[in-house]
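Below: one structure, written as C-alpha cells.
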Number of protein chains: 2
Amino acid sequence: MAPEAAVQSDKNNDVPRLENLTLSQRAHTFLRDEILSNRLPPGTELQEVALSQQLGVSRGPIREALGRLAAEGLVTVRPRRGAVVHSLSSGEFLEAYQVREALEVLAVRLAVPRLGPEGLAELQTVTDTMAAQAASGHVTEFFEANSLFHETFVQLSGNEKLQEVYRRLIGQMRRYWRRSLVLRGDLRRSVSEHRAILRAAREGDAEKAAVLMAEHIRVPQARLQSMTADELLEAEASFDRKVSE
Amino acid sequence: MAPEAAVQSDKNNDVPRLENLTLSQRAHTFLRDEILSNRLPPGTELQEVALSQQLGVSRGPIREALGRLAAEGLVTVRPRRGAVVHSLSSGEFLEAYQVREALEVLAVRLAVPRLGPEGLAELQTVTDTMAAQAASGHVTEFFEANSLFHETFVQLSGNEKLQEVYRRLIGQMRRYWRRSLVLRGDLRRSVSEHRAILRAAREGDAEKAAVLMAEHIRVPQARLQSMTADELLEAEASFDRKVSE
DNA sequence: CGGCTGGTAACTGTTAACAATCCGCGCGCG
DNA sequence: CGCGCGCGGATTGTTAACAGTTACCAGCCG
C-alpha cells in the first residue's frame with residue numbers, strides 16, 4: 001500500500017513531479033501541510049471558494065481534498081455547513097495517547113530483534129541531538145528530535161501497516177505539541193528515558209525496551225489525568241511565557 | 001468524533017434519514033457496504049460512469065466517495081487509471097494482524113477494570129452463541145459471533161479513538177474472513193480461549209486477560225508465518241470444499 | 001511472425017453554472 | 001422589549017460539458 005492515502009505514485013520517482021500530480025492531490029497535500037504545521041489551527045473554517053481562489057483551482061478538487069482529509073481525521077465536515085480543522089478535546093487527546101502507547105510498544109517489540117548496527121546508530125544520533133536541544137533549551141527542536149526518535153522505532157519495526165496507522169494518529173496529535181511538552185515536563189528526564197530504551201534495545205532485550213517505552217509514553221498521560229482543564233490552560237500559558245523569553 | 005469518516009450526523013437521529021444525506025454520503029456508505037460484504041471483492045475495478053449510472057447520480061459524488069474510501073484504505077486509486085477495491089497480500093494481512101493484536105490488548109487492559117455486570121453478561125452471551133455456532137458447524141455465523149466478541153471488548157474499553165482505529169483496521173481485514181478461519185483452525189479451541197479470557201476478565205485480572213488475548217490473536221499469525229503461499233491457497237480450497245458440503 | 005505506430009474509444013480530471021440550504025438581519029407582531 | 005418571520009446574500013451540493021490521458025486494436029514495417 002502506498003504511504004499517503006492509498007494513492008499510488010510513480011515507481012521511479014519517490015517524490016512525484018508536481019506537474020504530474022492531479023489538482024486534488026496538490027490541494028490535499030497543501031491543506032495537509034498547512035494543518036499539520038499549525039498554520040491552520042484547529043477550529044479554522046475552511047471555505048471552498050476561498051481555498052479554490054487561493055490555490056487557483058475550481059471547487060471540485062478542493063472538495064475531494066477536504067473529503068479525504070475528513071476521512072483521515074484532520075478535518076470535520078458538517079454537511080451543508082462547511083468544513084473546519086478538526087480539534088481534539090483533552091479527553092480525546094488522552095485517548096489518542098493510549099492508542100499511541102499500544103502502537104509504539106508493538107513497534108519496539110518488532111524492531112528490537114531486527115535491529116542492525118545502522119538502526120542502532122540512527123537511534124543513537126537522534127538521541128544525541130535530542131539531548132543537545134534539551135540542554136540548550138530549544139524546545140521546538142527538542143520536540144522534533146523526540147518525535148523522530150519514536151517514528152524511527154516505528155519505521156524500524158518493518159511493519160508498514162503499523163507505520164500507516166501510527167502516522168495517521170501522530171498527524172492528529174502533532175498539532176498539540178505544546179500541550180505534549182507541557183505534560184512531559186522535565187526534558188532531561190525524557191532524554192534519560194530515551195537513553196534507557198536505547199540501552200535495552202542495544203542489549204537485544206525487546207521486552208525490557210517495550211516496558212520502558214510504555215512507561216515513557218505513560219508519563220504525560222498520568223499528568224493529564226491528574227490535571228483539571230484549568231490547570232492545563234494555566235500550565236500552557238506559563239509555558240508560552242517561558243518560551244518567549 | 002463521529003464514527004463514520006468524521007461526518008457529523010444529526011443529534012436527534014442516530015441513523016440519519018436517507019433523504020437528508022448528501023449524495024456523496026450515500027455513495028460512500030453504499031460502496032463501503034458493498035466492499036465490506038465482499039459483493040465487490042478485492043481487485044474489482046470501480047469505474048465512475050458505471051457507478052454513477054448504477055446509483056443514479058453524477059460522477060461528482062462518486063469521485064468524492066472514492067476519495068474518502070481511498071483515505072480509509074478500502075480502495076486504491078491509481079491517478080488517471082481508475083480505482084480498484086484494495087486487496088491485502090498475505091504479508092500485509094500478517095502486518096494487520098500484529099496491529100490488531102496491539103489494539104485489542106489495549107482494549108482488554110482498559111475494559112476489564114471498567115467492566116460492570118452488564119458488560120460481563122454481554123460478553124457471556126456472545127461467547128455462548130459462538131460456542132453454539134461452533135458446535136453446529138455454522139462457520140459464517142461463528143465468525144460473526146467471534147468478531148462481535150472482540151469488538152465488544154473494544155467498545156467496553158470506553159476509548160473512542162481506539163474504536164475508530166480498530167474499526168478501520170477490521171474493515172480492511174474482515175473481507176478476508178475465510179483466510180482468518182482457515183488460519184484459526186480448530187473452532188473449539190478458539191471458543192475455550194475466549195472462555196479463558198472471559199474468566200480472567202470476570203476475576204478482574206486485566207493483565208492475565210490481556211496476555212490471553214495476545215496469545216489468542218497470535219495463533220493465526222503463527223500459522224500464517226509457517227505456511228507458504230501455496231499451502232495457504234490449498235488450505236483455503238479445502239476449506240471451501242468442507243463448507244459447501 | 002513479432003514489434004512498433006497511429007488512431008480511436010473509453011475513461012478520468014477539471015471546470016463553470018445551476019440548485020438547494022443555511023445564516024444573519026431587519027421587520028413586524030404580540 | 002422579546003420573539004418569530006421572511007428575505008437576501010453567502011455557501012455548499014450537484015450536474016453536465018469539456019479537456020486531457022490512458023488503453024486497446026488494427027495495420028504496417030522489419
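These numbers were taken from a predicted model, which means no experiment stands behind them. Residue numbers start from 1 in every chain, and the chains themselves are labelled A, B, ... in the order their sequence lines are given, proteins ahead of strands.
Residues from residues 46-59 of chain A with heavy atoms under 4.0 angstrom of DNA chain D, sorted by number: A:L46, A:Q47, A:E48, A:R59.
A:Y166 and A:E151 share no donor-acceptor pair across their side chains, judged by distance under 3.5 Å alone.
Within the model, atoms CD1 of B:I62 and CD of B:Q47 stand 12.5 Å from one another, a figure rounded to the nearest 0.5 Å.
Of the residues B:R168, B:H86, B:R32, the one that meets the side chain to side chain donor-acceptor pair (under 3.5 Å) test with B:E72 is B:R32.
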Apply side-chain contact (heavy atoms from CB on, under 4.5 Å) to residues B:R114 and B:L156 and explain how you reach the verdict.
CA-CA 8 Å; B:R114 293 166 37 101; B:L156 293 173; over 6 Å; no
side-chain contact (heavy atoms from CB on, under 4.5 Å) assessment of B:S90 paired with B:Y176
CA-CA 10 Å; B:S90 94; B:Y176 294 89; over 6 Å; no
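C:dC22 atom P lies 15 Å from atom CD of A:E45, rounded to whole Å. To the nearest angstrom, C1' of C:dT14 lies 9 Å from CD of A:E64. What separates CG of B:L23 from C1' of C:dA20 is a distance of 12 Å, to the nearest Å.
Considering only residues two or more places apart in sequence or on other chains, A:R174 meets the salt bridge (charged side-chain N to carboxylate O under 4.0 Å, His left out) condition with A:E144.
Minimum interatomic distance between B:Q221 and B:I217 (heavy atoms only, all atoms of both residues): NE2-O, 3.5 Å. Across every non-hydrogen atom of A:N159 and A:K161, the tightest pair is OD1-N, 3.0 Å.
As judged by a 4.0 angstrom heavy-atom cut-off over every strand, A:G82 is placed among residues touching the sugar-phosphate backbone only.
A nucleotide of DNA chain D counts as in contact with chain A when one of its atoms lies under 4.0 Å from a heavy atom; the first and last such, 5' to 3', are D:dT11 to D:dT14.
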